[in-house]
Amino acid sequence: MSRWPAFRSAALTASLLFAADAFAQGTPPSPPLPPPRPDQTKKVEPVPDTPKGLDSLFERLAKAEDEEEAKGIANLIERRWLRSGSDVVDLLMSRGMSAMQQKDQDLPQAIELFDRVLQLEPQFAEAYNKRATAFFLLGDYQRSMLDVRETLAREPRHYGALAGLGQILLVNGDKKRAMEAFRKASQLNPRMPNVKAVIERLAPDVDGRDT
């Protein structure tokens with residue numbers, strides 16, 4: 001009767017699609033870095049008008065006519081989310097994402113690197129999002145949930161984190177709240193095929209079946 005084993009497996013295999021939107025491709029693994037010196041954390045010039053630019057991108061994303069167009073706009077949004085304003089933080093983020101991408105994932109290494117990022121930039125939403133993904137892949141759903149909430153507290157429109165929240169709730173058996181999270185993600189990015197598929201699968205149980 002229960003379909004949860006299938007959902008649990010799907011959550012594990014699709015988690016990178018839902019909760020780690022913009023991993024850097026092809027970055028070679030790197031050894032652990034020494035603690036950065038204070039003078040290494042100098043900020044670069046911020047991108048002008050970033051909040052307004054993000055607003056415009058979200059408006060375009062909502063109106064995208066097909067998945068290809070939506071993917072291109074989403075990539076621009078996700079690149080904005082990855083901008084920390086610090087060369088050192090960006091390097092640590094890149095190495096953390098690389099550790100998650102390796103054929104033999106080094107998730108503890110990734111978490112350690114994201115920990116360093118958050119020591120330097122405690123308000124960096126995307127670092128929480130990436131660490132949430134690493135915890136999820138380790139099966140530590142409690143800490144993953146905490147990091148997802150930290151992400152959303154700083155970037156409420158983070159559709160990847162919302163979809164990740166839905167995955168965690170789904171694994172924990174809370175279909176109703178999972179559906180709420182997936183639907184919020186879909187409202188922000190209507191062209192997420194994996195999210196759409198999960199919503200369609202959950203709808204009969206959450207919304208009721210037609211008679």
Side-chain angles (χ1 to χ4, degrees), residues 11-47 50 54 71 74-168 171 185 189 192 194:
L12 290 171
T13 57
S15 58
L16 288 178
L17 293 174
F18 287 156
D21 312 293
F23 284 171
Q25 297 296 322
T27 306
S30 305
L33 294 175
R37 300 191 308 270
D39 62 343
Q40 289 180 304
T41 61
K42 182 179 179 180
K43 299 288 185 179
V44 299
E45 288 297 321
V47 177
T50 296
L54 268 179
K71 184 177 180 180
N75 284 340
L76 293 175
I77 291 172
E78 290 155 11
R79 286 168 62 185
R80 294 285 185 95
W81 284 340
L82 278 169
R83 293 177 187 170
S84 70
S86 163
D87 290 340
V88 170
V89 168
D90 290 347
L91 178 61
L92 290 168
M93 283 289 289
S94 177
R95 291 187 174 182
M97 292 187 292
S98 177
M100 287 200 295
Q101 278 188 288
Q102 297 175 46
K103 183 177 181 181
D104 298 323
Q105 288 176 329
D106 192 345
L107 297 174
Q109 167 88 3
I111 290 169
E112 180 181 345
L113 288 163
F114 297 140
D115 286 345
R116 292 195 192 183
V117 168
L118 289 167
Q119 288 173 0
L120 294 169
E121 293 287 349
Q123 298 304 316
F124 192 10
E126 193 58 26
Y128 285 106
N129 180 56
K130 293 295 188 282
R131 193 172 67 177
T133 303
F135 280 134
F136 185 92
L137 293 172
L138 282 173
D140 190 339
Y141 304 126
Q142 182 175 3
R143 283 198 285 183
S144 182
M145 174 79 81
L146 290 174
D147 274 352
V148 166
R149 294 194 183 282
E150 293 288 352
T151 304
L152 294 172
R154 291 160 176 77
E155 177 47 88
R157 295 182 296 187
H158 202 304
Y159 47 81
L162 284 164
L165 174 61
Q167 285 289 322
I168 297 168
V171 169
N189 185 352
M192 298 173 73
N194 293 286

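What you see is a predicted model, and the numbers here were worked out from it, not measured in a lab.
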Kindly compute the distance separating [atom1] ([X]) from [atom2] ([Y]), expressed to the nearest 0.5 Å.
{"X": "L92", "Y": "D87", "atom1": "CG", "atom2": "CG", "answer": "11.0 Å"}
{"X": "F114", "Y": "E126", "atom1": "CZ", "atom2": "CD", "answer": "9.0 Å"}
{"X": "M97", "Y": "K130", "atom1": "CE", "atom2": "NZ", "answer": "6.0 Å"}
{"X": "K71", "Y": "N189", "atom1": "NZ", "atom2": "CG", "answer": "12.0 Å"}
{"X": "D147", "Y": "T151", "atom1": "CG", "atom2": "OG1", "answer": "6.5 Å"}
{"X": "L165", "Y": "H158", "atom1": "CG", "atom2": "NE2", "answer": "12.5 Å"}

| Set of side-chain contact (heavy atoms from CB on, under 4.5 Å) partners for L146, sequence neighbours left out |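 Not a single residue meets the side-chain contact (heavy atoms from CB on, under 4.5 Å) criterion with L146.
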
| side-chain contact (heavy atoms from CB on, under 4.5 Å) involving L118 - partner list, sequence neighbours excluded |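 With sequence neighbours excluded, L118 shows a side-chain contact (heavy atoms from CB on, under 4.5 Å) to A127, Y128, R131, given in chain and number order.
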
| task | Please name the residue in the list R143, M145, Q167 that meets the side chain to side chain contact (heavy atoms under 4.5 Å, CB included) test with F136. | result |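 Among the candidates, only Q167 passes.
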
| From V148, I111, I168, L107, residue fulfilling side chain to side chain contact (heavy atoms under 4.5 Å, CB included) relative to F135 |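 Running side chain to side chain contact (heavy atoms under 4.5 Å, CB included) over V148, I111, I168, L107 with F135 returns exactly one hit, I111.
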
| Do R83 and R80 have side chains that get closer than 4.5 Å, going by heavy atoms? |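 Result yes, sub-4.5 Å side-chain heavy-atom pair found.
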
Residue pair [X] / [Y]: nearest heavy atoms and the distance that separates them:
{"X": "R154", "Y": "E150", "result": "NH1-OE1, 2.5 Å"}
{"X": "G160", "Y": "N129", "result": "C-OD1, 4.5 Å"}
{"X": "L54", "Y": "E155", "result": "CD1-OE1, 4.3 Å"}
{"X": "A185", "Y": "A163", "result": "CB-N, 3.9 Å"}
{"X": "G96", "Y": "A110", "result": "O-CB, 3.4 Å"}

| task | Show your working on side chain to side chain contact (heavy atoms under 4.5 Å, CB included) between L82 and D90 and close with a plain yes or no. | result | CA-CA 8 Å; L82 278 169; D90 290 347; over 6 Å; no

| message | Taking side chain to side chain donor-acceptor pair (under 3.5 Å) as the definition, give me every residue that meets it alongside R149, ordered by chain and number, with sequence neighbours left out. | response |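 R149: no side chain to side chain donor-acceptor pair (under 3.5 Å) contacts found.
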
| query | For Q119, what residues pass the side chain to side chain donor-acceptor pair (under 3.5 Å) criterion, not counting sequence neighbours? | reply |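 Not a single residue meets the side chain to side chain donor-acceptor pair (under 3.5 Å) criterion with Q119.
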
| What class does the angle between the rings of W81 and Y159 fall in, given that below 30° is parallel, 30 to 60° is tilted and above 60° is perpendicular? |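 Correct class here is tilted.
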
